[in-house]
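Small disclaimer: the values here were computed from a predicted structure and weren't measured. To find a chain, count down the sequence lines: A is the first, B the second, and so on, and within it residues start at 1.
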Amino acid sequence: MPSRPKRPPPHVFGKSRDPRTRRFGKQLLNWFDRRGRRDLPWSRSRDPYRIWVSEIMLQQTRVATVIDYYRRFMARFPSVNQLADADLDEVLHRWTGLGYYARARNLHRAARIVADKYYGRFPTDLDALVQLPGIGRSTASAILAFALLQRHPILDGNVKRVLARLHRVDGWPGKRAVEKRLWILAEQYTPGDRVDDYTQAIMDLGSGVCLRRNPRCGACPVAGLCAAHRHGDAEAYPARAPRKVKPVKETGMLLIRNERGEVLLEQRPPSGIWGGLWGLPECAADLGSTTRDFNTLGLTLKTGRPCEVIRHTFTHFHLDITPIPARVRAPLDTVMDNQNRVWYNPEQPRMLGLAAPVKRLIEKLN
DNA sequence: AAATCGGGGTT
DNA sequence: AACCCAGATTT
């Protein structure tokens, strides 16, 4: 555990900040001192590893869900070296239920880089941290602010909302110009003194008070400084993304059972949809009942009547999946490539990361 | 059904 | 620099 660094003296920063900015920080920290949560497993930690894992988990999941996963994850991988030594499949398995497996893969990759290149110690400058997979500017800043009390602004979804309302920033934050403006505001407001508390406070304000809908402006410590609150249109900020029509794509998924009731899974290519996860072999959606050779699988299959289509929706398209049950009639000469294929027993799930709809389909087999 | 969200990737 | 993409959950 790294030793706790001293806080920079207050006079180093903050003297030149304008009164409004300082009032914001003061009122926010005051609120945090009274209402802030400090009882979470990663709260008050100065260990970059613990902070990093919590930040990655929290990117995609709410606090209440993260707590248990975080405890288990930390119990199994107490240090970055132990995470680096683990098999990816086990890391993915421990992640099952949190979703967003790409982040677990990045976590594992980054752990190996930290272990190999930095001898298990996290880099202490922003640029080096941002080089690590899965760590962008905001996450890197949060790690350095919490672990080393370095003054860096963060800009996660909660902070974006707070700042967009505070200054009635027009436009969708997905646009470069809007995001840039928000980063400038974030930089302006970030204090040198108590940067860790400030960072936690502004995130908590966004997640607990400055809600996307029905913001609790009555409970907000900085409502008096908020332009949107003054105009009574807080909910209009930040502007929402322009929406588009989602195309529908179709695929068939083979539920191939063997005589032991196991189902055949394939590991997907490392990039693209469900990258690196295990899934069912795909085929044409309109494959009828038939017996035919599947040369790529090395099997002769008898496919049955297709099951009901399930729709899985991504940000950009709908995927209509037709599950097609199948039995193995005979192995072909082609050798099963054991690296990428596995017989999976739904009764005794193995340590594999499964794509969400695949998991649903397999669970329905029981 | 729509909105959400930081990071990665492409042009 | 200015986009688009992935993925799963909540509302």
Undergrad: Any salt bridge between A:Lys175 and A:Glu179, counting N to O under 4.0 Å?
TA: no
Undergrad: Can you list, pair by pair, the side-chain donor-acceptor contacts under 3.5 Å of residues 111-135 of chain A, counting residues two or more places apart and other chains?
TA:
residue  : atom : partner  : partner atom : Å
A:Arg112 : NE   : A:Ala84  : O            : 2.8
A:Arg112 : NH2  : A:Ala84  : O            : 3.2
A:Arg112 : NH2  : A:Ala86  : O            : 2.9
A:Asp125 : OD2  : A:Ala128 : N            : 3.3

Undergrad: Can you tell whether the side chains of A:Arg44 and A:Asp197 come within less than 4.0 Å, N to carboxylate O?
TA: yes
Undergrad: Give a yes/no answer on whether the side chain of A:Lys175 brings an N or O atom under 4.0 Å of OP1 or OP2 in C:dA2.
TA: no
Undergrad: Using a strict 4.0 Å threshold on nitrogen-to-oxygen distance, state whether A:Asp233 and A:Arg168 make a salt bridge.
TA: yes
Undergrad: Restricting to side chain to side chain contact (heavy atoms under 4.5 Å, CB included), what partner residues turn up for A:Ala102, sequence neighbours left out?
TA: A:Arg105
Undergrad: Given atom CG of A:Leu155 and atom P of B:dT4, what is their separation to the nearest angstrom?
TA: 15 Å
Undergrad: Reading nucleotides 4-11 of chain C from the 5' end, what letters show protein touch, with B for base, S for backbone sugar-phosphate only, - for no heavy atom under 4.0 Å?
TA: SBBBB-SS
Undergrad: Please state how far atom CD in A:Glu235 lies from atom C1' in B:dT4, giving the value in whole angstrom units.
TA: 15 Å
Undergrad: Quick test of your reading of the model: are A:Glu235 and A:Arg165 salt-bridged, counting only N-O distances below 4.0 Å?
TA: no
Undergrad: Tell me: CE of A:Met203 to P of B:dC5, nearest whole Å?
TA: 14 Å
Undergrad: In whole Å, what is the span from the NZ atom of A:Lys180 to the C1' atom of C:dA1?
TA: 9 Å
Undergrad: Rounded to the Å, how far apart are A:Glu179 CD and C:dA2 P?
TA: 11 Å
Undergrad: Looking at every strand, decide which applies to A:Thr139 at a 4.0 Å heavy-atom threshold: base, sugar-phosphate, or nothing.
TA: sugar-phosphate
Undergrad: Picking from B:dA1, B:dG8, C:dA2, which would you name as closest to the side chain of A:Arg176?
TA: C:dA2
Undergrad: When we call it a touch if two heavy atoms are under 4.0 Å apart, what does A:Arg360 touch: a base, just sugar-phosphate, or nothing?
TA: nothing
Undergrad: Write down the distance between CD1 (A:Ile135) and C1' (B:dC5), rounded to a whole number of angstrom.
TA: 17 Å
